[in-house]
Amino acid sequence: MALKIPKTKEFEMTPAGVHKARCIKVIDLGTHEIEYKGELQLKHKIMIMFELPETVMEHGQNAGKPFAISLFTTLSLHKQSRLRPLLVGWRGKDFTEDEAGNFDMLKLLDVPAYLNVIHTEDEGKTYANIASIMPLKKSNCPERFNDLVGFSLSDYNDKVFNSLSEKIQEKIKESLEFKELINPNNQDIDVEETFGNQNVDADDNNLEEAPF
């Protein structure tokens, strides 16, 4: 019998550059207490995942499968937010304030895009991050490999929740919305619903110009 040192699991990083992509997951992570400049703030977080159908992994059990890359950000379409300029670049036009206040993030699912991926270093580690998103015609994007997943805490679905990775489930369980779900009598929790609004502006006049 032998006791050997386990091999370090190799992690393939999404290559830097511009890639064709499709949005395959939009996951509501809920509201969390975030410390910023010594102050605690409530921030509603979201994960948006993209599949890169033409950019595939080369090693291990995932060889031949497309890369996936995620954007973790605050759920806000304020003009000074990080998310708004990314979505504006993706759709090719800005939001009206009415659109920004009523936009359903789940509309992003299966929408194609060009992603500009950059590599950045932080404390000795290198990360692949989405720097910008640009429009891509559906006819120019290959079919997706993975299933679509949309999850909203304001319209909780236990089956979808259980299909998420353990790490993402734990993040959601830490949110104020999830705690309210499991303890609805807790009157101390007062979180404004900002995700999954189905009352979307139905103006379709610019469908050919904007993908969502």
Side-chain angles (χ1 to χ4, degrees), residues 14-30 44-57 65-79 81-118 128-155 157 160-161 163-165 168 172 193-212:
T14 305
V18 176
H19 305 273
K20 291 182 179 180
R22 279 184 184 272
C23 178
I24 57 170
K25 291 184 181 181
V26 176
I27 308 298
D28 181 9
L29 301 175
H44 198 142
K45 296 296 183 177
I46 186 175
M47 180 186 83
I48 304 172
M49 180 181 285
F50 295 88
E51 172 189 284
L52 313 183
E54 289 186 342
T55 310
V56 299
M57 291 176 275
K65 295 181 181 179
F67 278 94
I69 186 169
S70 297
L71 171 69
F72 293 86
T73 188
T74 299
L75 180 59
S76 171
L77 289 182
H78 187 276
K79 287 188 175 181
S81 70
R82 179 190 178 200
L83 181 59
R84 182 162 176 160
L86 290 173
L87 296 191
V88 168
W90 189 357
R91 76 198 300 254
K93 67 173 186 176
D94 201 355
F95 294 91
T96 66
E97 291 313 299
D98 184 58
E99 288 173 334
N102 293 285
F103 185 68
D104 180 4
M105 296 294 294
L106 297 180
K107 292 179 67 176
L108 302 177
L109 287 170
D110 210 27
V111 178
Y114 280 114
L115 300 186
N116 182 21
V117 177
I118 61 173
N129 293 307
I130 298 171
S132 61
I133 310 176
M134 297 155 284
L136 172 64
K137 292 182 179 180
K138 287 186 177 181
S139 59
N140 291 337
C141 188
E143 294 297 320
R144 57 183 165 81
F145 179 85
N146 294 287
D147 293 333
L148 302 178
V149 181
F151 175 77
S152 169
L153 277 162
S154 65
D155 187 18
N157 184 303
V160 176
F161 176 79
S163 73
L164 303 175
S165 70
I168 295 299
I172 293 171
E193 290 186 1
T194 57
F195 188 92
N197 186 345
Q198 300 302 312
N199 298 319
V200 179
D201 187 357
D203 183 3
D204 292 333
N205 292 333
N206 294 310
L207 280 181
E208 293 185 356
E209 299 178 12
F212 53 84

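Numbers here are sequence positions counted from 1. Worth knowing before you read on, the calculation uses all heavy atoms, side chains too, and leaves out hydrogens, waters and symmetry mates.
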Problem set entry | Minimum heavy-atom distance between Asn157 and Phe151, given as atom pair plus value | O-CE1, 3.9 Å
Exercise. So which heavy atom on Phe95 is nearest to which on Val88, and how close?
Worked result: CD1-CG2, 4.0 Å
Exercise. Excluding sequence neighbours, so at least two apart, what forms side chain to side chain contact (heavy atoms under 4.5 Å, CB included) with Ala68?
Worked result: Met49
Can you list, pair by pair, the side-chain donor-acceptor contacts under 3.5 Å of residues 128-150, counting residues two or more places apart and other chains?
from	atom 1	to	atom 2	distance (Å)
Asn129	ND2	Thr120	OG1	2.7
Arg144	NE	Asp110	OD1	2.9
Arg144	NH1	Asn146	O	2.9
Asn146	ND2	Glu51	OE1	2.8

Exercise. Which pairs, with at least one residue in residues 65-76 and sequence neighbours excluded, count as a side-chain hydrogen bond (donor to acceptor under 3.5 Å, both in side chains)?
Worked result: Lys45-Thr74
For this session: Carefully, step by step, assess Lys107 and Val26 under the rule side chain to side chain contact (heavy atoms under 4.5 Å, CB included).
Result: CA-CA 9 Å; Lys107 292 179 67 176; Val26 176; over 6 Å; no
For this session: Could you grab the distance from atom CG of Leu83 to atom CH2 of Trp90, nearest 0.5 Å is fine?
Result: 9.5 Å
For this session: To the nearest 0.5 Å, tell me how far Phe67 CZ sits from His19 NE2.
Result: 8.5 Å
For this session: Dump the intermediate steps for salt bridge (Lys or Arg N to Asp or Glu O under 4.0 Å) on Glu99 and Arg84, then the final yes or no.
Result: CA-CA 12 Å; Glu99 288 173 334; Arg84 182 162 176 160; over 6 Å; no
Exercise. So, for Leu153 and Leu29, which heavy atoms are closest and what is the spacing to 0.1 Å?
Worked result: CD1-C, 4.2 Å
Problem set entry | Spacing of Ile27 atom CD1 and Leu106 atom CG [to the nearest 0.5 Å] | 9.0 Å
Exercise. Nearest 0.5 Å, what's the CG-SG distance between Leu115 and Cys23?
Worked result: 9.5 Å
